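Take a look at the structure below.
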Amino acid sequence: MKHLFLIFAVSVLVCSGCQPGKQVNRITGQVEGVYPVSKIVLVMEDPVTSEKIILDSMTVTKEKEFRLSTSQTGTTALLYHLPQGGPFDPEDKEAEMQTYYLFLEGYDNLALTGKVDEWYYLQATGGLYDHPDMQEINRIIWIGGPMQERAVDMLQLAGLTGDEKLREEGMRLMDEVEQMFMQMIPLQNEFARNHPDMAYSAVLMQYDYDLQEDWEEYEKRFLALTPEVHASPAGQMLRRMMDRIRSTRPGGKAPAFDLPSLEGGRVKLSDLKGKYVILDFWGSWCAPCREVSPQLKEFYQEIKDNENIVMIGIACWEQHPDNWRRAVEEDGLPWLQLLDEGTPSVPELYAVDGVPHTIVISPEGTIIERNHPLALLPEINQLLDL
């Protein structure tokens, strides 16, 4: 999952000393495993630069409890838990593993509950989260989230131990969670259609991939959002994403990249000029990505000897490179494998906000087609005139 935001003066954004009577979002936490000395940091990402900006922070003084506030609204806020305290480092991958995504809609009192070892899946109430149209979405997240974390833990342990039964059980549980989360999609899409006056709708539109296929309708829906939503950080992020999609639709120039490979060294897109390039965006943590690996492997067998075609896997949003390496080995992926480093993010350059996703690039460096791999594979032979 991925993120948004707006440029204001830092004096406005840093809200530890919010003035009495000023409209703020107040966030309280009752979370098991939060102890004194640990630090809680509330962050937003600039909608243009993606720079992380601290809205508020505190050192915990009472077990299980914390309280923060911010005048910022209309944005996703990233809530970090730093168990050892200390300064916040936006590049710290360990901190990224203790991140909760909270949406600030309007000004309300929000409450978070849960356990620190399930920080990513804390339960939020108040404000947006008490909206009647959010209740079924909340229910699915609250049930499916911890199940997903258990599945990820099982798969990682299976990778370390070679326990095939544990791996199969982890994949089975991950598939069950995926089916649950699929039930959210029509609910979220309906929410966005019915509430053009809410900034959260702009976030949901970023992930409405079916709507993105109908570009005319997508732009119509964007224009239907209120001026207040357009001006919000979430609205600005949606506009930015749409600009990226517009420039990376079929016929657009493929953005350059330079990424590390599994074998060592680096690979540049410019090195592959004169060849068809098939980019497979995926993640070791993504069950649907790994479920399509057998079909991708069958396809690769058909094109591997064609010197005019290069197939590349780009692993996205990995918490640790070892997870990526293990997944490549476990799934037996024989094509070139690269790791996105996020500086800049290649998925962002290509307007890829969810995986799996496949993009085909021409020898001249223009994008020929893009789609979910299972939707695109049947067309590739025709696209590449094989």
Side-chain angles (χ1 to χ4, degrees), residues 1-2 32-33 81 83 92-101 114-122 140-184 259-264 280-301 311-342 347 352 354-358 372-374:
M1 294 187 191
K2 312 355 92 8
E32 294 181 26
H81 172 240
D92 184 351
K93 295 300 181 182
E94 293 299 321
E96 286 286 351
M97 297 171 68
Q98 288 284 297
T99 309
Y100 177 74
Y101 296 90
K115 300 178 180 179
V116 76
D117 57 358
E118 294 179 351
W119 184 266
Y120 189 81
Y121 303 106
L122 296 177
I140 294 172
I141 293 173
W142 293 346
I143 294 174
M147 289 173 60
Q148 184 181 60
E149 183 153 0
R150 288 197 299 275
V152 170
D153 290 343
M154 292 167 69
L155 291 172
Q156 290 180 347
L157 182 59
L160 291 171
T161 63
D163 188 329
E164 186 60 28
K165 287 186 178 180
L166 185 61
R167 181 181 183 278
E168 290 176 1
E169 178 61 19
M171 292 299 292
R172 184 203 63 76
L173 184 58
M174 189 70 84
D175 184 62
E176 182 180 342
V177 173
E178 180 66 20
Q179 295 305 313
M180 289 181 61
F181 286 163
M182 289 293 288
Q183 297 173 25
M184 286 198 308
L259 295 176
S261 73
L262 189 67
E263 294 77 18
D280 167 41
F281 291 87
W282 72 294
S284 68
W285 47 270
C286 169
C289 300
R290 301 183 69 172
E291 287 171 358
V292 302
S293 292
Q295 291 94 323
L296 289 173
K297 289 165 70 172
E298 289 179 7
F299 169 76
Y300 181 72
Q301 291 303 313
M311 184 166 168
I312 299 175
I314 299 181
C316 309
W317 310 303
E318 296 289 348
Q319 292 184 341
H320 197 284
D322 287 347
N323 298 342
W324 163 56
R325 297 186 185 99
R326 278 197 300 270
V328 172
E329 182 177 356
E330 289 170 4
D331 295 355
L333 308 181
W335 51 92
L336 181 62
Q337 297 293 330
L338 309 181
L339 177 65
D340 179 60
E341 297 179 306
V352 174
V355 290
H357 194 81
T358 300
H372 186 286
L374 294 186

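Remember, it's a predicted structure, so these values are computed and weren't measured experimentally.
- Using a 4.5 Å cut-off on side-chain heavy atoms (C-beta onward), I312 and L338 make contact.
- Annotation: side chain to side chain donor-acceptor pair (under 3.5 Å) contacts involving residues 147-157, sequence neighbours excluded, comprise Y121-Q148.
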Is there a side-chain contact (heavy atoms from CB on, under 4.5 Å) between R326 and L160 once you walk through the steps?
CA-CA 8 Å; R326 278 197 300 270; L160 291 171; 3.6 Å; yes

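- Shown here are the side-chain hydrogen bond (donor to acceptor under 3.5 Å, both in side chains) partners of W324, two or more places apart in sequence or in another chain: there are none.
- Taking both residues in full, the closest heavy atoms of G145 and F181 are given as N-CZ, 3.9 Å, listed atom of the first, atom of the second, then distance.
- Under the salt bridge (Lys or Arg N to Asp or Glu O under 4.0 Å) criterion, the residue pairs touching residues 284-295 are R290-E330, R290-D331, with sequence neighbours excluded.
- Looking only at distances, no side-chain donor or acceptor of Y300 sits under 3.5 Å from a matching main-chain atom of M311.
- The shortest heavy-atom contact between W317 and P347 is CZ2-CB, 3.6 Å.
- Scanning all heavy atoms of the two residues, the minimum distance from Y120 to T99 falls at CD1-O, 3.2 Å.
- Residues C316 and V352 form no side-chain contact, since every pair of their non-hydrogen atoms from C-beta on lies 4.5 Å or further apart.
- Counting all heavy atoms, side chain and backbone alike, D280 lies closest to W282 at O-CD1, 3.5 Å.
- Partners of P288 according to the side chain to side chain contact (heavy atoms under 4.5 Å, CB included) rule, which considers only residues two or more places apart in sequence or in another chain, are E178, C286, P356.
- With sequence neighbours excluded, the residues satisfying side chain to side chain contact (heavy atoms under 4.5 Å, CB included) with L155 are R167, M171, M174.
- Using a 30° and 60° split on the angle between ring planes, F281 and H357 fall in the tilted class, from 30° to 60°.
- The side chain to side chain contact (heavy atoms under 4.5 Å, CB included) check on Q301 picks up K304, with sequence neighbours excluded.
- Applying the side-chain hydrogen bond (donor to acceptor under 3.5 Å, both in side chains) rule to S284 yields the partners E318; only residues at least two apart in sequence or on another chain are considered.
- To the nearest 0.5 Å, the span separating CG on D163 from CD on E168 amounts to 9.0 Å.
- With sequence neighbours excluded, no residue satisfies salt bridge (charged side-chain N to carboxylate O under 4.0 Å, His left out) with D175.
- Evaluation of the side chain to side chain contact (heavy atoms under 4.5 Å, CB included) rule for M180 yields I140, I143, M147 as partners, not counting sequence neighbours.
- The two atoms that bring T358 and P373 nearest to each other are OG1-CB, 3.2 Å, heavy atoms only.
- Atom CD of Q295 and atom CD of E298 lie 6.5 Å apart (nearest 0.5 Å).
- A pairwise comparison of heavy atoms in E263 and L336 identifies OE1-CD1, 4.1 Å as the closest pair.
- Applying the salt bridge (charged side-chain N to carboxylate O under 4.0 Å, His left out) rule to R325 yields the partners D322; only residues at least two apart in sequence or on another chain are considered.
- Residues forming a salt bridge (charged side-chain N to carboxylate O under 4.0 Å, His left out) with E169 (at least two apart in sequence, or on another chain): R172.
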